[in-house]
**Student:** 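What follows is a structure written as structure tokens; I'll ask about it next.
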There are 2 protein chains.
Amino acid sequence: MRMQEEITTLAKKVCDRIVKDIITGTIAQGQKLNEPELARIHGISRGPLREAMSRLESMRLITRTPNIGARVVNLSYEELLEIYQIRESLEGLAAKLAAKAMTVEEKGNLRLLLNSHRKHILDTQGQSYFQQEGDVDFHYCIVHGSKNKRLIDMLAGDLYQLVRMYRYQFSLSSNRPQQALKEHDQICSAIEEGDEDLAEWLMKRHINNARNNIMQRMQIQSPIQDGNTQ
Amino acid sequence: MRMQEEITTLAKKVCDRIVKDIITGTIAQGQKLNEPELARIHGISRGPLREAMSRLESMRLITRTPNIGARVVNLSYEELLEIYQIRESLEGLAAKLAAKAMTVEEKGNLRLLLNSHRKHILDTQGQSYFQQEGDVDFHYCIVHGSKNKRLIDMLAGDLYQLVRMYRYQFSLSSNRPQQALKEHDQICSAIEEGDEDLAEWLMKRHINNARNNIMQRMQIQSPIQDGNTQ
DNA sequence: TGATCTAATATTGTAGACAATAATAGCTAT
DNA sequence: ATAGCTATTATTGTCTACAATATTAGATCA
């Protein structure tokens with residue numbers, strides 16, 4: 001008796017592959033997606049491919065226009081701002097709920113995760129890639145700790161994919177690992193103590209800080225390279 | 001030169017029709033959706049129908065299991081609570097943003113809307129149905145006033161559909177129209193004055209009140225009639 | 001009688017062909 | 001030479017048919 005058979009469908013598998021291609025920029029921003037071509041590349045027919053594209057659309061990684069086709073979204077400064085505004089609200093809520101809903105064991109795991117991050121940062125002098133993934137882990141953990149299924153879906157689903165995409169395509173790794181770690185530590189403590197309001201407040205400030213950091217660097221770096229808009 | 005041609009596709013049209021059927025309960029909670037049957041009913045083939053179902057899935061009105069099929073979601077007390085937690089956060093944010101981003105004209109329209117609601121409530125002694133739609137209008141207006149496209153999509157899209165579904169199926173019309181109107185009035189004033197934080201705070205309290213009201217009545221009324229789980 | 005296996009049926013997943021719409025290239029007229 | 005129209009091509013939308021999986025009903029055996 002196996003639990004949760006890894007049963008899946010072509011559409012889902014191909015969707016995942018395309019998501020990856022979009023996030024990494026293998027398929028460029030603004031690029032037109034040709035159905036027969038994509039189907040051929042992935043070795044499936046247009047039926048499941050179109051279903052995959054429906055999923056991509058609901059994730060807002062592509063936009064579709066009837067009778068015309070689908071294009072990969074164009075990342076913009078404004079949209080990233082929108083995403084961070086929403087994240088601040090929702091992750092604040094998640095932290096608040098987590099402070100109340102997380103079990104003792106879950107809180108313990110969060111602390112362990114944090115300690116391993118600390119060790120990592122000290123060892124590697126804050127090497128960026130793992131730091132990023134560590135950040136994702138921490139937030140992921142709290143979001144799940146909220147026990148609000150819909151909230152989990154929203155944050156851990158589409159929204160994080162977009163955040164990853166921005167980080168990838170703009171090479172926006174954090175340049176403040178120690179500071180972020182300290183903030184994580186504060187949030188973790190608040191959750192351990194069950195201080196809901198403090199956890200929420202700290203999380204909102206944390207994300208606000210991250211936003212300021214990332215926005216600032218985005219402006220400096222490069223004003224959005226747009227893909228083939230043709 | 002017509003703007004925004006009402007160009008559409010079978011999948012979208014049928015999707016809208018099914019959404020309506022699900023919200024009104026014509027298709028019951030938990031009911032299995034049979035693809036050939038649904039396709040026949042709506043006079044289309046399974047291709048577009050499956051695309052419509054993909055959309056329904058992304059709205060979380062149905063759940064699909066590979067090789068097994070799709071079922072309408074089961075509404076539950078817990079999920080409604082989840083939705084209201086999220087709404088409180090996001091609509092609070094929307095009100096905050098709207099206080100800053102709404103134009104003078106938009107603020108004027110919001111006030112006009114409110115006045116027409118007041119008149120309606122006085123005239124009809126708070127007749128429920130229109131009051132509900134009025135409530136939706138008010139929130140819809142503010143959400144759009146936030147100018148955050150993603151936030152608009154989240155709130156005015158899937159989430160509102162679910163809220164409507166709960167209201168419909170549990171006959172949860174507001175029994176506190178005067179109170180709600182007063183709260184709307186306060187929110188509107190805060191937005192007019194550009195007081196972001198107050199607007200956010202008032203909106204959160206407003207939704208919290210609405211939640212308490214609705215939850216209380218849900219418990220009294222009927223402990224969730226479940227549809228054919230078979 | 002009840003449980004388990006097996007065959008029949010139904011339903012979902014996928015593929016390929018056709019229809020309708022949009023994009024393109026070439027031609028005509030001014 | 002260029003603007004506008006027309007024919008051609010390409011792409012999306014839809015339908016029908018087939019394959020794979022799940023469900024059901026019946027038979028067999030303890």
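Below, chains carry the letters A, B, ... as their sequence lines are ordered, and counting in each starts from 1. Computed from heavy atoms alone, side chains included, the values below leave out hydrogens, waters and symmetry copies.
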**Student:** Measuring only between side-chain heavy atoms, which start at C-beta, is Ile22(B) closer than 4.5 Å to Val19(B)?
**Tutor:** no
**Student:** Please encode protein proximity along nucleotides 5-11 of chain C as a string of B, S and -, counting only heavy-atom distances under 4.0 Å.
**Tutor:** ------S
**Student:** Strictly below 4.0 Å: does Arg50(B) bring a side-chain N or O up to OP1 or OP2 of dG13(C)?
**Tutor:** yes
**Student:** Could you state the NZ-P distance from Lys12(A) to dG13(C), rounded to the nearest angstrom?
**Tutor:** 9 Å
**Student:** Counting only side-chain nitrogens and oxygens, does Thr9(A) get under 4.0 Å of the OP1 or OP2 atom of dT12(C)?
**Tutor:** no
**Student:** To the nearest Å, how far apart are Arg46(B) CZ and dG13(C) C1'?
**Tutor:** 7 Å
**Student:** Take the protein atom CG of Leu38(A) and the nucleotide atom P of dT11(D), then report the distance between them rounded to whole Å.
**Tutor:** 12 Å
**Student:** Mind checking whether His117(A) and His184(A) have ring centres under 6.0 Å apart?
**Tutor:** no
**Student:** Between His42(B) (NE2) and dT14(D) (P), how many Å, whole number?
**Tutor:** 15 Å
**Student:** Quick one: Glu51(A) CD to dT14(D) C1', roughly how many Å, whole number?
**Tutor:** 16 Å
**Student:** In whole angstrom, give the distance that lies between atom CG of Leu49(A) and atom P of dT14(C).
**Tutor:** 12 Å
**Student:** Nearest-Å distance, NZ (Lys13(A)) to C1' (dT14(C))?
**Tutor:** 12 Å
**Student:** Quick one: pull up NE2 in His42(B) and NZ in Lys13(B) and give me the separation to the nearest 0.5 Å.
**Tutor:** 12.0 Å
**Student:** Counting only pairs under 3.5 Å, give me each side-chain donor-acceptor contact of residues 148-156 of chain A, with atom names and distances, residues two or more places apart or in other chains.
**Tutor:**
| residue | atom | partner | partner atom | Å |
| --- | --- | --- | --- | --- |
| Asn148(A) | OD1 | Arg150(A) | N | 3.2 |
| Asn148(A) | OD1 | Leu151(A) | N | 3.0 |
| Asn148(A) | ND2 | Glu82(B) | O | 3.4 |
| Asn148(A) | ND2 | Gln85(B) | OE1 | 2.9 |
| Arg150(A) | NH2 | Glu79(B) | OE2 | 3.3 |
| Asp153(A) | OD2 | Arg60(B) | NH1 | 3.0 |

**Student:** Show your working on side-chain contact (heavy atoms from CB on, under 4.5 Å) between Leu38(B) and Ile18(B) and close with a plain yes or no.
**Tutor:** CA-CA 9 Å; Leu38(B) 263 182; Ile18(B) 300 178; 4.3 Å; yes
**Student:** Can you tell me how far C1' of dA15(C) sits from CZ of Arg40(A), to the nearest Å?
**Tutor:** 17 Å
**Student:** Given side-chain hydrogen bond (donor to acceptor under 3.5 Å, both in side chains), test His144(A) with His139(A) step by step and report yes or no.
**Tutor:** CA-CA 9 Å; His144(A) 278 263; His139(A) 287 267; over 6 Å; no
